[in-house]
Amino acid sequence: METFYVTTPIYYANSLPHLGHLYTMIVADTIARAKRQRGIETYFLTGTDEHGINIERAAERNGRTPKEQADYVVSYFKKMTSEFGLDTEHGGYDIFMRTTEPFHYQGVSELWRRVAKAKTPRGNDAIYKGHYEGWFCAPCAAYKTEDEYQKPKNEGDPPTCLIHETPLDRVSEESYFFRLSDYDEALLSVFESRPDFVRPESRRNEVISFVRGGLQDLSVSRLKTSVSWGVPVPDDPAHTMYVWFDALTNYITAIGFGNEERQKAVGFEKFWPALHLVGKDILRFHAVYWPAFLLAAGIELPRAIVAHGMWLDPNGRKMSKTLGNVIELDILQKHFSTDAIRYFCLREMVFGQDGRFGYEGLIDRANSDLASGLGNLSSRTLTMIGRYCDSRIPSGTISEDKLLLAKRSGVDTDETTVAGFIETARDQFLLHFENLAFSRTLEAAWSIVARVDKMITDAKPWDLAKDENQKQTLDVVLYRAAESLRWLSVLLHPVMPGASHAIWSQLGLDGSPAQVNPAELKWGQLKEGTAIGNVQPVFPRIDKARTMSEINAGEKPKGVHATEADAVGAAAPTTQPAPPMQHATEADAVGITSFIEIDDFAKVDLRVGQVLSAERIPKADKLLLLKIDLDEEQPRQILAGIAQYYEPDKLVGRKVVIVANLKPRKLRGYESQGMVVAASYGEEGRPVIATFTEDVPNGARLK
Ligand SMILES: [Zn+2]
C-alpha cells in the first residue's frame with residue numbers, strides 16, 4: 001500500500017502558539033487529508049521541541065521544572081489543535097511528538113552512535129571533539145556568525161541576534177563537532193540531482209549559494225554544566241546534545257527509528273521519507289544540517305523540504321506585539337469558522353511567498369467567496385430542488401422531443417459541455433494541489449462555482465418552473481448544479497472538511513466526501529431520486545461592521561507586552577455579544593442580511609398547535625407525518641424533517657409552533673399544510689422543536 005508522511009516543524013516550547021504555527025499545521029493537515037482521501041496511508045506529525053537552555057531559563061523564571069514548563073506550553077498547543085480541528089480526534093495529526101519522550105531519547109542516541117562511527121565523504125570522522133568559542137543565541141539555540149548578528153552600539157557589549165534582537169552569549173567550551181564542512185559537495189549533488197528536494201525554487205537557490213559559500217563544522221553538544229536539559233551524549237554524559245541534532249531527529253524517532261515499540265506501532269521503513277513543511281526562517285537547518293546528518297548515518301534523505309513564507313499585516317509589515325498588529329488565535333476562534341480560516345490561509349498566501357493577514361480581509365473573503373460564492377450556490381440549488389422537485393434530485397437527461405424546447409430557453413442540451421468544463425477544472429485542481437500551489441488550486445475550484453452560477457442565471461429556473469413543458473429543462477439545470485456541488489464537496493474536503501461534509505449530506509448523500517477519490521469522480525453518478533437533506537446555509541454571512549467593532553473592542557491596548565496568559569486570552573471572561581454567525585434562515589442562505597419591517601413579520605402567521613398524532617413515513621427516514629390541532633375545523637396534516645431525533649409517540653400531546661399560512665406543498669406524495677418551527681444547531685442541523693412552558697390554547701397567534 002502506498003504511504004505518505006508529512007511533518008510540520010516541532011515547535012520550540014518556549015512560546016505559546018500563534019498564527020505561524022496554526023498556518024503550517026493547516027497546510028500539513030490539508031495535505032494529509034488529501035492523501036487519505038486518495039486511499040494513501042498517511043502519517044501526519046506535529047509537536048514540540050522541548051530541550052535546551054531557553055526552556056531551562058523559562059522554567060526557572062516561572063518556578064517550574066523544565067518538563068513542567070514544556071507541559072505548560074504543550075497544553076496550549078493541544079488546546080489550539082483541538083479548537084481548530086487539527087488533532088487526532090478531528091481527523092488531523094497522528095502524533096503530537098515531544099522530544100521529552102523516552103523513545104526519542106533512545107532513537108536520537110542511536111542516530112548519534114551511527115554518525116559517530118561514520119566517515120565523511122573525505123574520509124574523516126564525522127564527529128570529533130574540539131573547542132568552540134563563539135556568540136550563541138539561546139532562543140535560536142545556534143552560534144551566530146558575523147553576518148547573523150547585529151554588532152553592538154557600545155564597544156564591550158555583546159552583539160544581538162538579528163532574529164530575536166536579544167544579546168548573544170559568549171560561549172567557549174569543549175564541544176563535539178559534526179564535520180559539516182566535508183558535506184558541501186555531497187549536498188550540492190543532492191540539490192543538483194533532485195531539483196524538487198528544496199522548494200520553492202527561490203529558496204532552493206538560497207540554500208545552494210549558502211552551501212557554495214563554504215560550510216563550517218557544527219557544534220552538536222554543550223557541556224552538561226552549561227546545558228543540562230537535553231539528551232546526554234551516548235558514552236559521554238558530561239555532554240548534552242545540542243538541540244538541533246536532538247530536535248531534527250524527532251522526524252525519524254517518531255515513526256520508530258531506534259525504538260522497537262514505535263517501530264511496531266508506526267513503522268520507520270513504512271513511512272520514511274517525509275515531506276517536511278517549514279517556515280523559511282528554519283530552512284537552513286532542515287535543508288543543510290538535517291540531510292548532512294542523514295547522509296552521515298546512511299539514512300535515506302527526506303522526500304522534500306518545502307518552505308513557506310511568513311504572514312505580514314495588511315500593510316505588509318511584520319507582525320509584532322509592539323506594533324499591535326498580531327492576529328490573535330482566540331479572536332480567530334471566537335469570530336470565524338475553522339473552515340473559513342483554513343480557506344483564507346490557503347487562498348491568500350501564494351505558497352512559498354509572504355502573505356498578508358487581517359481580520360477585515362478574512363471577513364471579505366469569507367463573505368465573497370464562501371457566503372456569496374460556494375454557500376449561495378449550494379443553498380440556491382438545494383432550495384430550488386426542494387421547491388420544484390419535491391426535494392429529490394431530478395433527472396439529468398432530456399428526452400428527444402424536449403431538446404428543441406430546452407435549446408430555445410438557452411440551456412445547453414449537450415451535457416458534456418458542462419461536464420467537460422468541470423472535469424478539466426478538477427484536473428487543474430489536482431495538478432496545482434500536487435505542486436502545493438493552494439491558491440491556484442482554489443481558483444480552479446471557484447471556476448466551477450462561477451461556471452455553474454452562470455448556468456443557473458442564464459437558464460432562470462424560476463421562469464422554467466412556470467412552464468409545464470419545460471419541466472425536463474428545469475430538472476436538467478438543477479441536476480447539473482447538484483452534481484457540480486457533489487464534485488465540489490469532494491474536491492474541497494481536504495481544505496474545508498466541515499463545509500464539504502455539510503454540502504454532501506444536504507445533497508442527501510451517504511458516507512462522506514472524505515471517502516471519495518477526486519481523481520475517480522465520474523460525471524453523472526449523483527442518483528436521480530435521491531432525497532436531499534435539510535437545506536441550511538453552509539457559510540453564514542459575517543456582519544463586517546459588527547464583527548470588526550467587536551474585535552476592536554475586545555483587543556488589548558497596543559504596545560503592551562502580552563504575558564503568557566493574555567497571549568492566549570485564557571483569563572479574559574467575555575462580556576461581548578454573541579458571535580456574528582447568524583442562525584439559519586432561507587434568507588441568509590442566499591446571503592441577504594437586511595432588516596425587515598414589522599409588516600413583513602406580520603405576514604407570517606404563527607399559531608399554537610397541539611400534536612394529535614405522529615407517525616413515520618415508509619422509506620423516508622427523516623420525515624414524520626403529524627396531525628396538528630390548530631383549533632380549526634379539521635386538524636392540519638404537516639410533515640416535519642425530525643424523524644431522526646424525535647420518537648413519534650413522545651410528540652403526541654405536545655404544544656408546538658406552526659407557520660400556519662405557508663403555502664401547502666407536497667412531500668413524498670403527502671400534502672404538508674404548514675411547517676413546525678424548530679431551532680437547528682450543530683453541523684448536522686439537529687432540530688429542536690419550539691414549545692411553551694406555560695399553558696396556551698390551540699390556535700393562539702404568536703406576534
Ligand atoms: Zn536568535
Side-chain angles (χ1 to χ4, degrees), residues 1-4 6 26 28-44 85 90-92 94 338-339 342-343 346 370 374-375 377-378 381-382 385 392-394 396 415-416 418-434 436 438 441-449 451-452 478-536 538-539 683-684:
M1 191 185 191
E2 200 183 339
T3 63
F4 192 83
V6 61
I26 286 174
D29 183 83
T30 303
I31 294 172
R33 284 176 203 262
K35 296 288 177 187
R36 291 186 189 122
Q37 191 184 24
R38 289 164 155 240
I40 298 167
E41 194 176 350
T42 301
Y43 201 75
F44 164 21
H90 293 87
D94 295 287
T338 300
D339 280 336
R342 291 171 72 102
Y343 175 77
L346 295 167
L370 301 181
L374 176 62
L377 176 63
S378 170
T381 301
L382 290 162
I385 289 175
R392 289 182 167 276
I393 300 294
E415 190 181 14
T416 54
V418 182
F421 178 92
I422 289 166
E423 275 165 21
T424 308
R426 180 267 314 265
D427 295 345
Q428 288 294 312
F429 181 99
L430 295 180
L431 184 72
H432 292 313
F433 196 103
E434 206 53 38
L436 309 180
F438 301 114
T441 300
L442 291 168
E443 276 170 25
W446 259 256
S447 75
I448 298 178
V449 175
R451 178 72 179 75
V452 179
L478 294 179
Y479 179 85
R480 290 174 186 172
E483 173 65 344
S484 306
L485 281 171
R486 184 179 73 94
W487 281 52
L488 282 166
S489 75
V490 171
L491 291 178
L492 293 172
H493 158 72
V495 177
M496 297 187 287
S500 87
H501 193 270
I503 294 173
W504 182 266
S505 42
Q506 289 187 35
L507 283 167
L509 296 168
D510 295 330
S512 153
Q515 295 153 343
V516 182
N517 183 343
E520 288 167 7
L521 278 168
K522 295 260 182 314
W523 182 266
Q525 285 183 338
L526 180 60
K527 283 205 185 72
E528 177 188 344
T530 308
I532 62 169
N534 288 328
V535 183
Q536 300 207 333
V538 182
F539 303 105
E683 277 183 21
E684 293 169 8

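- Taking the six-membered ring for Trp and the full ring otherwise, the centers of F433 and F438 sit less than 6.0 Å from each other.
- Checked options I393, L509, L507; the residue passing with I532 is I393 (criterion: side-chain contact (heavy atoms from CB on, under 4.5 Å)).
- With hydrogens and angles ignored, the 3.5 Å screen pairs a side-chain donor or acceptor of R426 with a backbone N or O of P518.
- In this structure, the separation between CD on E443 and NE2 on H432 is 7.5 Å, given to the nearest 0.5 Å.
- A28 and F44 get closest at one heavy-atom pair: CB-CE1, 3.5 Å.
- Ring planes of W523 and W487: tilted class, angle from 30 to 60°.
- Side chains of L521 and R486 form a contact here, defined as non-hydrogen atoms less than 4.5 Å apart.
- At a threshold of 4.5 Å between non-hydrogen side-chain atoms, the residues T338 and H90 do not count as touching.
- R480 and E483 are not joined by a salt bridge, as no carboxylate oxygen comes within less than 4.0 angstrom of a charged side-chain nitrogen.
- Here the CZ atom belonging to F539 is positioned 5.0 Å from the CG atom belonging to L374, to the nearest 0.5 angstrom.
- Considering all non-hydrogen atoms of both residues, T42 and I40 come closest at OG1-O, 2.9 Å.
- With sequence neighbours excluded, no residue forms a ring-ring contact (aromatic ring centres under 6.0 Å, His included) with F429.
- In this structure, the side chains of V449 and W446 come closer than 4.5 Å at one or more pairs of heavy atoms.
- Residues passing the salt bridge (charged side-chain N to carboxylate O under 4.0 Å, His left out) test with R36, sequence neighbours excluded: D94.
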Tell me, with the steps shown, if L485 and V452 meet side chain to side chain contact (heavy atoms under 4.5 Å, CB included). CA-CA 9 Å; L485 281 171; V452 179; over 6 Å; no
Are V538 and Q506 close enough, and set up right, to give a side chain to side chain contact (heavy atoms under 4.5 Å, CB included), and what steps lead you there? CA-CA 10 Å; V538 182; Q506 289 187 35; 3.9 Å; yes
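- Atoms CD1 and CG, on I448 and L492 in that order, are 8.0 Å from each other to the nearest 0.5 Å.
- S500 and S489 make their closest contact through CB-O, 3.2 Å (heavy atoms, listed as atom of the first residue, atom of the second, distance).
- Under the 4.5 Å side-chain criterion, counting only non-hydrogen atoms from C-beta, Y343 is in contact with L442.
- Within the model, atoms CD of Q515 and CG of D510 stand 10.0 Å from one another, a figure rounded to the nearest 0.5 Å.
- Using a 4.5 Å heavy-atom threshold, the side chains of D339 and P497 count as touching.
- For the atom pair CD of E41 and CE of M1, the computed distance is 5.0 Å after rounding to the nearest 0.5 Å.
- Partners of R342 by side chain to side chain donor-acceptor pair (under 3.5 Å), not counting sequence neighbours, listed by chain and number: D29, T30.
- Rounding to the nearest 0.5 Å places CD1 of I422 at 12.0 Å from CG of D427.
- Heavy-atom minimum distance, A531 versus R392: N-NH1, 4.0 Å.
- Among all heavy-atom pairs drawn from A482 and T381, the shortest one is N-CG2, 3.8 Å.
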Verdict with supporting geometry, I385 and V535, side chain to side chain contact (heavy atoms under 4.5 Å, CB included): CA-CA 10 Å; I385 289 175; V535 183; over 6 Å; no
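- Here the closest non-hydrogen pair linking P513 and V490 is CB-CA, 4.0 Å.
- I503 has its side chain out of reach of L488: every pair of non-hydrogen atoms, C-beta onward, lies at least 4.5 Å apart.
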